[in-house]
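As the structure is a prediction and not an experimental result, all values here were calculated from the model. Below, chain A is the first sequence line, B the second, and so on; all start at residue 1.
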Amino acid sequence: KAGVTQTPRYLIKTRGQQVTLSCSPISGHRSVSWYQQTPGQGLQFLFEYFSETQRNKGNFPGRFSGRQFSNSRSEMNVSTLELGDSALYLCASSFGGPNTEAFFGQGTRLTVV
Amino acid sequence: GENVEQHPSTLSVQEGDSAVIKCTYSDSASNYFPWYKQELGKRPQLIIDIRSNVGEKKDQRIAVTLNKTAKHFSLHITETQPEDSAVYFCAASNPNDYKLSFGAGTTVTVRA
């Protein structure tokens, strides 16, 4: 059974650009969550999607957005990149019921220069 | 919203000794508490979890305890080995929020 796959693994972008990250969940999982991981802030919740609907959103500016497709794959977009957006972006998939185990992808390392 | 605090931030133990990491949470509606281990450069992986209807759970050298009244839960690793060196994250989940709220992490180093 394939795990959670995130692409690309590494990205270098310039301030002001935008970026799209992709996450393919484990087959059968309908929930995808996104987290930002930085050394100082740990893992911060960005948003969660289930069956193409956003069920929750974290405390991030509107430059951060996401969506989920009918095959449960998810994308997140960050517009007008800032230096502080440099981080490891992790997605996690689960079956989507309350308190079900979440499986993480290997993450996308975004560097903004 | 949920706030999870985790202590200590770093922990160094001699191989064979025990390690204990403690977390507190603020949302009394949270009822699922997973622990993740993240080795350097790798993805976080679930090592054990506990739900609020039980007070303790064990899996070989790892155990987790939960005190709902005090709103704290702990990870216990016995007979530590070098491969236990990693960053450990606790998390809490309110079933109505569809998210995990993480602690800041504990870097565990097992000295040979």
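Within the model, atoms OH of Tyr98(B) and OH of Tyr49(A) stand 15.5 Å from one another, a figure rounded to the nearest 0.5 Å. For the atom pair CD of Glu48(A) and NZ of Lys99(B), the computed distance is 11.5 Å after rounding to the nearest 0.5 Å. The distance from the OG atom of Ser94(A) to the CG atom of Leu100(B) is 8.5 Å, given to the nearest 0.5 Å. Rounding to the nearest 0.5 Å gives a distance of 8.5 Å between OG of Ser30(B) and CG of Asn99(A).
Put simply, of Ser101(B), Pro95(B), Pro44(B), the one with the most heavy-atom pairs under 4.5 Å next to chain A is Pro44(B). Heavy-atom pairs under 4.5 Å with chain B were tallied for Gln106(A), Gln44(A), Arg55(A); the largest tally goes to Arg55(A). Per-residue heavy-atom pair counts under 4.5 Å with chain B were compared for Ser33(A), Gly42(A), Gly96(A), Gly105(A), and the maximum is reached by Gly105(A).
Under the 4.5 Å side-chain heavy-atom criterion for Ile, Leu, Val, Met, Phe, Trp and Tyr, Leu11(A) and Met76(A) are members of the same hydrophobic cluster. Two different hydrophobic clusters hold Val32(A) and Phe104(A) under the rule that ILVMFWY side chains link at heavy-atom gaps under 4.5 Å. Phe89(B) and Tyr25(B) are members of different hydrophobic clusters when ILVMFWY side chains are connected at heavy-atom separations under 4.5 Å. No continuous path of ILVMFWY side-chain contacts below 4.5 Å connects Trp35(B) to Val87(B), so the two sit in separate hydrophobic clusters. Both Ile62(B) and Tyr88(B) are members of a single hydrophobic cluster when ILVMFWY side chains are connected at heavy-atom separations under 4.5 Å.
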With ring pair (Phe, Tyr, Trp, His ring centres under 6.0 Å) as the test, would you mind laying out the steps for Phe102(B) and Phe45(A) before giving the verdict?
CA-CA 9 Å; Phe102(B) 284 89; Phe45(A) 172 75; 9.8 Å; no
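There is no contact between Pro34(B) and chain A, counting heavy-atom distances below 4.5 Å. For a residue to count as touching a neighbouring chain, one of its non-hydrogen atoms must lie under 4.5 Å from one of that chain's; by this rule Leu43(A) touches chain B with backbone and side chain alike. For a residue to count as touching a neighbouring chain, one of its non-hydrogen atoms must lie under 4.5 Å from one of that chain's; by this rule Gln38(B) touches chain A with the side chain only. Using a 4.5 Å cut-off between heavy atoms, Gln37(A) touches chain B through its side chain atoms alone. Residue Phe33(B): no heavy atom, backbone or side chain, is found under 4.5 Å from chain A. Contact of Asn31(B) with chain A is made through backbone and side chain together, with heavy-atom distances under 4.5 Å. Interface residue Ala102(A): backbone and side-chain heavy atoms are both found under 4.5 Å from chain B. For Phe47(A), no part sits under 4.5 Å from any heavy atom of chain B, backbone or side chain.
Atom CD of Glu83(B) has more than 12 heavy atoms from other residues, nucleotides or ligands within 6.0 Å. The environment of Leu83(A) atom CG is dense: over 12 non-hydrogen atoms of other residues, nucleotides or ligands sit within 6.0 angstrom. Remark: Glu79(B) CD is loosely packed, at most 12 non-hydrogen atoms of other residues, nucleotides or ligands lying under 6.0 Å away. Other residues, nucleotides and ligands contribute more than 12 heavy atoms inside 6.0 Å of the CG atom of Asn53(B). Atom NZ of Lys57(A) has more than 12 neighbouring heavy atoms from other residues, nucleotides or ligands inside a 6.0 Å radius.
Here the closest heavy-atom approach between residue Val4(A) and residue Arg43(B) is recorded as O-NH1, 3.5 Å. The two atoms that bring Arg51(B) and Thr100(A) nearest to each other are NH2-CA, 4.4 Å, heavy atoms only.
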